[in-house]
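What follows is a set of notes on a single structure, which appears directly below.
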2 protein chains.
Amino acid sequence: MKEASNKFVVTCRQCSLNALCFPYSLTFDEMDEVDDVVKRGKPLQRGQELFTTGQEFTSLYAVRSGAIKAYNIDENGDEQVIGFFLPGEILGLDAIDTQKHVSSAKALETTAICEITFSQVQELSLKIRNLQTHMYRILSREIREDQELQMLLGKKTAEERIGSFLMNLSLRYEQRSLSSTRFRLPMARTDIGNYLGLAVETVSRVFTRLQNSKVLRVEGKEVEILDRNYLSKIANNDCPNIQSASVK
Amino acid sequence: MKEASNKFVVTCRQCSLNALCFPYSLTFDEMDEVDDVVKRGKPLQRGQELFTTGQEFTSLYAVRSGAIKAYNIDENGDEQVIGFFLPGEILGLDAIDTQKHVSSAKALETTAICEITFSQVQELSLKIRNLQTHMYRILSREIREDQELQMLLGKKTAEERIGSFLMNLSLRYEQRSLSSTRFRLPMARTDIGNYLGLAVETVSRVFTRLQNSKVLRVEGKEVEILDRNYLSKIANNDCPNIQSASVK
DNA sequence: TGGAGAATTTGACCTGGATCATTGTTGATG
DNA sequence: CATCAACAATGATCCAGGTCAAATTCTCCA
């Protein structure tokens, strides 16, 4: 059995996130093969960039702890937030086609990352059928989730957007065996607004409104969901079976 | 050399779209292997559905001719258009993860389709390295394009959305060796509005406005782009290098 | 521990695009 | 080729959420 060479380094096999991350549905032996090509650098500090637009694409990245914001800068210099990545989630998938990063990624807090060279993913996934299957699924899931966001941005009101956003985070924390009703938002209000296509002020106002109607308790970045039913109701104006599919 | 068994059936090798479609960057022999597992049914009539939400996922589909609209119905019964697919483009990618279709697809006009069972894609892509690479790229491109749409929906004004939409179609027609300045919109105004997060009326108004300012000539579904510069300018509030990457 | 700058909240006001209503157009079908 | 239903255009009105301004609260160093 493979051991970590350094007792502070966690192997894929030992990692609590392996069911969410690359090694999903691999055998222990296969997991060790993946493990061999995973690089674990020192953690990123808050605000530090993992990669930026235009940079050559070589690797995919998995978040081990912390949180990452993916974004784009348009030619007016405005930022557009594309997504947030939590532990076990994988970044860089949008660059496989162009071989250049088409977005930037920055740590929202101290964040540990696993890096895996894409050419090694390609090699391994020719050999390990389960890895290929899993890669297809990861990519497909990303597409599905992006489409859900499109529905949100195309149709929903400010309150529905915030509701969907919070429900989405809640479900993701739940998958990670964290509280689904009390958590800390790793991103600023500006980022939330930007991501959801709303002004910061609107985000603030919706938060206070939801707080007044006893749906939430908000204290800075700490959020407690008091009425998950209501939140789920305003969130689920999208296709219901998508929702149930993403609940484990 | 492989021949079509029926002279009316076009093999991948003969297909003018093969550079855009599954067989991209395959050798002729590899192309024939793909060809063997491609099913070519009879064309869909306008309005006919290729698959619907909830249906079991078995295959990916490539458009051979015509056009397909992908959409979702939310629980209020409202439609949300997710995308439009032109010849050479591939549908069904969003269902790989869940193994159920999470959207529906319907022909906007008489449309010929190639079907390829996903399990056969998986098998073949273990054997044919180029096919695996290409599948990763197709999936990645879809993610990138969805993210571009997110930027559009999150930030842009009505005019910018229509401009981006038309430029995007223009580039796609160009790739297919069709005119990039004169083409027929296969979809209704309602679909355009729905896709772009705008009311139909707004789509109409922007069309007439752009017509008055000599940027377009619109006649029903026929569009002529008169001032491609202007269109490209209002469209490109997104990251410029994405644009250049998608131009061949 | 203080204090500067950033982030957040709140209020007042305004506008782009939604909605509603009506009319004109088109194209499919008997 | 007349008819009807879906589609498209245009005008009038309205409002959700944007923008601007200002007050308040965090946060993180020195």
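A quick note: this is a predicted structure, and the numbers were derived from the prediction, not measured. Lettering of chains follows the sequences in order, A, B, ..., and the numbering in each one begins at 1.
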* Which nucleotide in the list C:dG17, D:dG18, D:dT10 gets nearest to the side chain of A:Leu198? -> D:dG18
* Does NZ or CZ of B:Lys233 fall inside the cone over B:Tyr230's six-membered ring, less than 6.0 Å from its centre and within 45° of the axis? -> no
* Asked: When you look at B:Arg209 and B:Glu159, which way does the salt bridge (charged side-chain N to carboxylate O under 4.0 Å, His left out) test go after all the steps?
  -> CA-CA 9 Å; B:Arg209 209 185 309 151; B:Glu159 189 167 309; 3.3 Å; yes
* Asked: Between the side chains of B:Gln80 and A:Lys155, is a donor N or O closer than 3.5 angstrom to an acceptor N or O?
  -> yes
* To do: Let me know the distance between CG of B:Leu210 and P of D:dT10, rounded to the nearest Å.
  => 13 Å
* **Between D:dA9 (P) and B:Leu216 (CG): distance, integer Å** => 12 Å
* To do: Rounded off to whole Å, could you give me the CG-to-P distance for the A:Leu153 and D:dA16 pair?
  => 19 Å
* Nearest to side-chain heavy atoms of B:Ala199, which nucleotide of C:dT19, D:dT10, D:dG18 -> C:dT19
* Structure fact -> Comparing B:Arg46 with B:Arg161, nearest DNA chain C nucleotide closer to 5' gives the residue B:Arg161
* Take atom CD of B:Glu159 and atom P of C:dG17, then tell me their distance rounded to the nearest Å. => 9 Å
* Asked: For C:dG16, does OP1 or OP2 lie under 4.0 Å from any side-chain N or O of B:Thr202?
  -> no
* To do: May I ask you to verify whether the side chain of A:Arg205 and the base of D:dT19 hold a donor-acceptor pair under 3.5 Å?
  => yes
* **Listed nucleotide nearest any side-chain atom of A:Ala158, set D:dG17, C:dG17, D:dA9** => D:dG17
* Hey, do the aromatic rings of A:Tyr61 and A:Phe51 have their centres closer than 6.0 Å? -> yes
* To do: Run the numbers on A:Val203 and A:Ile162 for side-chain contact (heavy atoms from CB on, under 4.5 Å), then give the verdict.
  => CA-CA 7 Å; A:Val203 176; A:Ile162 302 275; 4.0 Å; yes
* Asked: So what does B:Gly47 touch, heavy atoms closer than 4.0 Å: a base, only the sugar-phosphate, or nothing?
  -> nothing
* Taking only the side-chain nitrogens and oxygens of A:Lys221, find out if one of them lies under 4.0 Å from OP1 or OP2 of C:dT8. => yes
* To do: Using salt bridge (Lys or Arg N to Asp or Glu O under 4.0 Å) as the criterion, point out the one residue from B:Arg141, B:Arg176, B:Arg64 that pairs with B:Glu89.
  => B:Arg176
* Structure fact -> Taken to the nearest whole Å, CD/A:Glu201 to P/C:dC13 is 16 Å
* Asked: Is the phosphate of D:dA8, meaning OP1 or OP2, less than 4.0 Å from a side-chain N or O of B:Ser204?
  -> no
* Whole angstrom value for the distance that separates P of D:dA8 from CG of B:Leu185 -> 9 Å
* D:dC7 C1' sits how many Å from B:Glu109 CD, rounded? -> 17 Å
* Structure fact -> In numerical order, the residues of residues 186-195 of chain A whose heavy atoms come under 4.0 Å of DNA chain C are A:Ala188, A:Arg189, A:Thr190
* Asked: What's the NZ-P distance between A:Lys156 and C:dG17, to the nearest Å?
  -> 22 Å
* Asked: Is the closest side-chain donor-acceptor distance between A:Arg228 and A:Ser170 under 3.5 Å?
  -> yes
